[in-house]
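A short worksheet on the structure shown next.
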Amino acid sequence: MMKTPKLVMIPGPTPVVRSIQAQMGRDTVAFGDKDFIADYKETVAELKGMWRCNGECFVISGSGTLAMEMAISNITQQGDNVLVCSHGFFGDRYTEIAQRKKLNTDTLKVKWGSAPTPELIDEELSKKNYNVVTVTHVDTATGAVVPLKDICSMLKSKHPEVMLIVDAVAAAGGVESYIEWGIDILFTCSQKCFGVAPGLVILWASDRAVQKRKSLPPIPESYVDFEKWIPVMNDPSKYWGTPSINLIWALKESVSIIKEEGITERYARHARQAAIIDAAMESIGFLNAAEVICRAPTLSVYLYPEGSNIVDIDFRTILAEEGVQAAGCLAEFAGKGFRMGHMGNIDKHTLVSAVAAVERTCFRCGYKIEFGKAVGVLQKGLAEEIGE
Ligand SMILES: *Cc1c(COP(=O)(O)O)cnc(C)c1O
């Protein structure tokens with residue numbers, strides 16, 4: 001049988017469009033290459049401006065997990081009090097990272113599928129003197145988004161001394177966030193909403209975070225030390241660790257795609273399309289596992305229809321044969337549904353193909369649906385969709 005090309009619809013890596021691939025396929029040059037230095041500098045400056053950052057933006061080699069370490073390492077020292085707000089898998093990962101650093105770590109856990117509210121966070125922060133609080137903007141295990149702007153306002157008025165770290169790996173570039181809201185450190189990596197292959201950390205630090213690092217004694221980590229990278233970010237002809245040259249070109253192309261679409265339209269598109277996909281999936285009995293008030297625009301957990309007798313592993317295996325790579329669910333959702341990323345440079349062709357593959361998979365799994373039902377709902381939504 002002819003193989004169906006793979007659509008990568010997991011929550012990252014996301015599809016990499018041709019013009020970004022072309023940048024990755026270029027001849028690699030020396031990191032001291034004059035034109036490359038200019039491209040690197042411009043990309044960092046663009047990202048800093050787009051996220052309204054008054055401090056520093058860092059683009060370095062690594063994955064999202066490295067960004068988590070970089071964020072916490074630069075504004076804390078042993079014995080500091082840290083509150084990790086967790087509404088899923090990556091929140092829990094932050095607890096582990098903070099504990100290993102011998103930070104006094106408490107975790108505010110909320111039910112999977114919901115998100116911590118400003119009120120809950122305020123209540124926890126009022127219990128002792130915290131130095132840092134972390135939140136996951138969208139948790140990849142649940143597809144739930146936190147009310148980030150409201151959390152920032154609450155912190156500003158009630159706990160202005162507590163520094164805020166935001167894990168925006170599954171959000172930045174698909175859901176709105178600005179450093180000027182009062183975020184101290186926000187980060188993502190290349191393979192999520194930016195639609196570049198894995199390999200780059202993108203991290204923004206407020207001026208307050210940069211000053212905080214300066215006020216600390218030398219931190220134990222060297223690779224992720226702000227102090228090592230600031231000179232490079234300001235002048236990429238300087239060296240600390242070899243930059244991922246081709247990925248930086250790819251990121252530059254991604255930034256220009258975002259600018260061409262318009263960043264606010266990009267956020268609006270993610271929200272519109274997520275609602276349309278939800279409606280399509282719900283029309284054939286799947287249920288989005290996140291509560292209605294906190295459904296993320298970037299990825300969703302779809303629970304198998306009740307009474308469908310769909311076997312998780314069979315469903316995802318057949319879905320892959322039908323051309324869509326989706327992710328399994330984690331922890332309490334494991335086996336009960338699948339996770340679908342819909343972030344980044346995803347076009348209408350991709351969405352139609354993905355939902356059509358879900359329909360074929362339902363049929364092959366013996367779950368009776370009317371062909372075209374979900375695709376029809378999606379088509380109608382996409383046809384009526386009007387951007388800015
Ligand atoms: C993907 C992800 C990470 C980890 O990123 P890696 O590149 O896999 O290390 C961290 N946090 C969130 C919210 C993510 O979605």
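In listed order, ligands and their atoms are each counted from 1.
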Exercise for the section: Please verify whether a non-hydrogen atom of D167 lies at under 4.0 Å from ligand 1. Expected result: yes

Exercise for the section: Run the numbers for me: atoms of ligand 1, each under 4.0 Å from some heavy atom of T140, listed by number. Expected result: 12 (C), 13 (C), 14 (C), 15 (O)

Fill in the blank from the handout: Going by the 4.0 angstrom heavy-atom rule, the piece of V138 near ligand 1 is backbone

Exercise for the section: Would you indicate whether the side-chain heavy atoms of H137 and V175 approach each other to under 4.5 Å? Expected result: yes

Problem - Side-chain donor or acceptor of E176 paired with backbone N/O of Y267 under 3.5 Å - result: no

Exercise for the section: Name the closest protein heavy atom to atom 6 (P) of ligand 1, giving the residue it belongs to and the distance to 0.1 Å. Expected result: G64 N, 3.3 Å

Problem - Proximity of H137 to ligand 1 by residue part, where a heavy atom lies under 4.0 Å - result: neither

Exercise for the section: Report, in ascending order of atom number, the atoms of ligand 1 lying under 4.0 Å from any heavy atom of T65. Expected result: 4 (C), 5 (O), 6 (P), 9 (O)

Exercise for the section: Report yes if some heavy atom in the side chain of I10 is under 4.5 Å from a heavy atom in the side chain of R339; otherwise report no. Expected result: no

Completion exercise
The atoms of ligand 1 lying under 4.0 Å from a heavy atom of S63, numbered in the order shown, are 6 (P), 7 (O), 9 (O)

Handout entry: Which residue and heavy atom of the protein sit nearest atom 4 (C) of ligand 1, plus the separation
Key = F90 CE2, 3.5 Å

Practice task
Give a yes or no on whether the backbone of M68 and the side-chain of Y94 come within a donor-acceptor separation of less than 3.5 Å.
Solution key: yes

Fill in the blank from the handout: The atoms of ligand 1 lying under 4.0 Å from a heavy atom of T136, numbered in the order shown, are 13 (C)

Problem - Under the side-chain contact (heavy atoms from CB on, under 4.5 Å) test, residues paired with N246 that sit two or more places apart - result: R26, T28, W249

Practice task
For the residue pair N309 and Y304, confirm or rule out a side-chain donor-acceptor distance under 3.5 Å.
Solution key: no

Practice task
Could you see which bit of C189 sits under 4.0 Å from ligand 1, with heavy atoms only: side chain, backbone, both or neither?
Solution key: side chain

Practice task
Assess the side chains of S86 and T107: does a donor N or O sit below 3.5 Å from an acceptor N or O?
Solution key: no

Handout entry: Protein heavy atom at shortest distance from atom 8 (O) of ligand 1
Key = Q191 NE2, 4.1 Å

Handout entry: Nearest neighbour in protein (non-hydrogen) for atom 2 (C) of ligand 1
Key = K192 NZ, 2.7 Å

Handout entry: Side-chain touch M154/I121, heavy atoms, less than 4.5 angstrom
Key = yes

